[in-house]
A.B. asks: 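Have a look at this one.
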Amino acid sequence: MHNVLPPESKFALENSCNRIVGKTIGEIAKTYGVVVPKNLKHFKGWIGQLFEYALGANSGSKPVPDFEHLGIELKTIPISDKLKPLESTYVCNINLHNLVQQTWENSLVKKKISHVLWVPIISISDNIANRIVAAPIFWRPSVEELSVIKGDWHELIEYLALGQVEDIHGKLGIFLQVRPKAANSKSRSKAVNQIGQLYKTLPRGFYLRASFTEQIIKNNYL
DNA sequence: AGATGATCATCT
DNA sequence: AGATGATCATCT
């Protein structure tokens with residue numbers, strides 16, 4: 001399998017996107033000689049990784065944007081034929097201890113969502129290979145969108161800073177929410193409780209709600 | 001353990 | 001059917 005070099009510019013990345021739009025997952029996989037799994041149960045991140053490879057994203061599992069030199073984050077997103085996202089979008093992990101020096105301005109959420117390349121995949125077919133790549137979208141949040149997300153972030157971080165991790169649930173937040181992000185419900189990571197003691201709890205992550213990403217996609221297509 | 005890539009499964 | 005909570009694979 002040959003190596004795909006990172007795009008040198010946003011223009012180069014746009015050209016790569018133009019080459020894959022309208023293709024099926026099967027066609028793209030064939031280009032790189034990889035086998036498409038029958039389903040994603042045991043390969044949940046497979047499509048995302050295929051596009052990281054095809055577009056030359058190379059940041060690996062480091063907590064930085066996929067195209068680090070361009071400051072662009074890559075997100076594949078499954079959508080219906082009516083442009084509705086079928087899933088929420090994972091943004092990043094949450095540090096449940098050491099919250100004092102975290103600010104919105106230096107937050108990973110802000111960094112990750114400031115410039116996103118959305119690659120919507122029309123996922124009507126259960127057959128992964130038959131799913132179709134819709135037009136990729138280079139998106140920057142508007143001032144209004146950013147302000148709502150900033151408000152969500154502050155509300156959610158407030159719980160964590162007060163040691164109320166266990167009171168957080170998926171219903172909180174307008175665009176941004178907190179949900180478990182773990183291998184299973186027995187996974188544990190470091191957190192602080194209300195009286196400042198370290199303890200272990202279920203790891204959590206920030207996610208963008210599907211109702212929000214639906215607007216991003218519709219604003220760009222309709 | 002914590003970061004990346006997410007989707008699955010169950011509840012409402 | 002949509003949303004929340006649970007889960008799967010891989011890398012460092």
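What you see below is based on every heavy atom in this structure, not just the backbone, and it leaves out hydrogens, waters and symmetry mates. From a predicted model like this one, the values you see are computed outputs, not experimental measurements. Numbered from 1 within each chain, the chains take letters A, B, ... in sequence-line order.
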A.B. asks: What I'd like to find out is whether the side chain of A:Glu27 reaches to under 4.5 Å of the side chain of A:Lys30, using heavy atoms alone.
C.D. replies: no
A.B. asks: Figure out the CG/P separation between A:Leu40 and C:dT7, and round it to whole Å.
C.D. replies: 19 Å
A.B. asks: Return yes if some donor-acceptor pair links the side-chain N/O of A:Asp152 with the main-chain N/O of A:Ile174 below 3.5 Å, else return no.
C.D. replies: yes
A.B. asks: Of the listed nucleotides (C:dG5, C:dT7, B:dG2), which one gets closest to any side-chain atom of A:Lys171?
C.D. replies: C:dG5
A.B. asks: Determine yes or no for a side-chain-to-main-chain donor-acceptor pair under 3.5 angstrom, with A:Arg131 supplying the side chain and A:Ser125 the backbone.
C.D. replies: yes
A.B. asks: Working to the nearest 0.5 angstrom, can you tell me the gap between A:Leu70 CG and A:Phe138 CZ?
C.D. replies: 8.5 Å
A.B. asks: Taking side chain as C-beta onward, heavy atoms only, is A:Ile72 less than 4.5 Å from A:Pro65?
C.D. replies: no
A.B. asks: What side-chain donor-acceptor pairs closer than 3.5 Å can you find for residues 164-172 of chain A, not counting sequence neighbours?
C.D. replies:
{"from": "A:Glu166", "atom 1": "OE1", "to": "A:Arg204", "atom 2": "NH2", "distance (Å)": "3.4"}
{"from": "A:Glu166", "atom 1": "OE2", "to": "A:Tyr199", "atom 2": "OH", "distance (Å)": "2.5"}
{"from": "A:Glu166", "atom 1": "OE2", "to": "A:Thr201", "atom 2": "OG1", "distance (Å)": "2.8"}
{"from": "A:His169", "atom 1": "ND1", "to": "A:Lys171", "atom 2": "N", "distance (Å)": "3.2"}

A.B. asks: Just the rounded figure in Å: distance from P of B:dA3 to NZ of A:Lys111.
C.D. replies: 13 Å
A.B. asks: Quick check for you: to the nearest 0.5 Å, what is the distance between A:Leu162 atom CG and A:Asn193 atom CG?
C.D. replies: 12.0 Å
A.B. asks: What integer distance in Å separates A:Trp118:CH2 from B:dG5:P?
C.D. replies: 12 Å
A.B. asks: Measure from CZ on A:Phe51 to C1' on B:dT4 and round the result to the nearest Å.
C.D. replies: 18 Å
A.B. asks: Find which nucleotide of DNA chain C each of A:Lys41 and A:Leu172 is nearest to by heavy atoms, and output the residue with the more 5' nucleotide.
C.D. replies: A:Leu172
A.B. asks: Has the side chain of A:His69 got a donor or acceptor atom that lies under 3.5 Å from a matching backbone atom of A:Pro7?
C.D. replies: yes
A.B. asks: Under 3.5 Å, which donor-acceptor pairs link side chains of residues 11-22 of chain A to any protein atom two or more places apart or in another chain?
C.D. replies:
{"from": "A:Ser16", "atom 1": "OG", "to": "A:Ala12", "atom 2": "O", "distance (Å)": "3.1"}
{"from": "A:Asn18", "atom 1": "ND2", "to": "A:Glu14", "atom 2": "O", "distance (Å)": "3.4"}

A.B. asks: Please work out which residues in residues 178-189 of chain A have a non-hydrogen atom less than 4.0 Å from an atom of DNA chain C and list them by number.
C.D. replies: A:Arg179, A:Pro180, A:Lys181, A:Ala182, A:Ala183, A:Asn184, A:Ser185
A.B. asks: Apart from A:Tyr207 itself, what residues make up its hydrophobic cluster, given side-chain heavy atom links below 4.5 Å?
C.D. replies: A:Tyr90
A.B. asks: Using OP1 and OP2 only, check whether a side-chain N or O of A:Gln177 sits under 4.0 Å from C:dT4.
C.D. replies: yes
A.B. asks: Could you check if a side-chain atom of A:Asn93 sits within less than 4.5 angstrom of a side-chain atom of A:Phe206, using non-hydrogen atoms only?
C.D. replies: no
A.B. asks: Output yes when a side-chain donor or acceptor of A:Ser123 lies under 3.5 Å from a complementary backbone atom of A:Ile121, and no otherwise.
C.D. replies: yes
A.B. asks: OP1 or OP2 of C:dA9 sitting under 4.0 Å from any side-chain N/O of A:His42?
C.D. replies: yes
A.B. asks: If you look only at pairs with a residue in residues 210-222 of chain A, which of them pass as a side-chain hydrogen bond (donor to acceptor under 3.5 Å, both in side chains), with sequence neighbours excluded?
C.D. replies: A:Lys84-A:Glu214, A:Glu214-A:Lys218
A.B. asks: Pull out every residue in residues 205-222 of chain A that has a heavy atom closer than 4.0 Å to any atom of DNA chain B, ordered by number, or say none.
C.D. replies: A:Tyr207
A.B. asks: For residues 36-46 of chain A, which side-chain donor-acceptor pairs fall under 3.5 Å, sequence neighbours excluded?
C.D. replies:
{"from": "A:Asn39", "atom 1": "OD1", "to": "A:Lys41", "atom 2": "N", "distance (Å)": "3.0"}

A.B. asks: For A:Asn95 and A:His97, test the side chains for any donor-to-acceptor distance below 3.5 angstrom and give the result as yes or no.
C.D. replies: yes
A.B. asks: Base, sugar-phosphate alone, or nothing: which one does A:Gly45 contact when heavy atoms must sit under 4.0 Å apart?
C.D. replies: base
A.B. asks: For a stem of at least 3 consecutive Watson-Crick or G-U pairs with distances under 3.5 Å, i pairing with j, i+1 with j-1 and so on, which stems involve DNA chain B?
C.D. replies: B:1-12 with C:1-12
A.B. asks: Figure out the NZ/P separation between A:Lys38 and B:dC8, and round it to whole Å.
C.D. replies: 16 Å
A.B. asks: Rounded to whole Å, please give me the gap between CG in A:Leu55 and C1' in B:dG5.
C.D. replies: 14 Å
A.B. asks: Tell me the interatomic distance from A:Glu52, atom CD, to C:dA9, atom C1', rounded to whole angstroms.
C.D. replies: 13 Å
A.B. asks: List in chain and number order the residues that pass side chain to side chain donor-acceptor pair (under 3.5 Å) with A:Lys200, two or more places apart in sequence or in another chain; answer none if no residue qualifies.
C.D. replies: none
A.B. asks: Going only through I, L, V, M, F, W and Y residues with side-chain contacts under 4.5 Å, is there a path from A:Ile77 to A:Leu83?
C.D. replies: yes
A.B. asks: I need the residues from residues 73-98 of chain A with at least one non-hydrogen atom less than 4.0 Å from DNA chain C; give them sorted by number, or say none.
C.D. replies: A:Lys84
A.B. asks: Measuring from A:Ile113:CD1 to A:Trp139:CH2, what's the distance to the nearest 0.5 Å?
C.D. replies: 5.0 Å
A.B. asks: Would a 4.5 Å heavy-atom cut-off, applied to side chains only, mark A:Val192 and A:Gln197 as touching?
C.D. replies: no
A.B. asks: Considering only nitrogen or oxygen atoms on both sides, find all protein atoms under 3.5 Å from nucleotides 10-12 of chain B and state each distance.
C.D. replies:
none

A.B. asks: Please report, rounded to the nearest Å, how far the C1' atom of C:dG5 is from the NE2 atom of A:His169.
C.D. replies: 12 Å
A.B. asks: Going by number, which of residues 13-29 of chain A have a non-hydrogen atom under 4.0 Å from DNA chain B?
C.D. replies: none
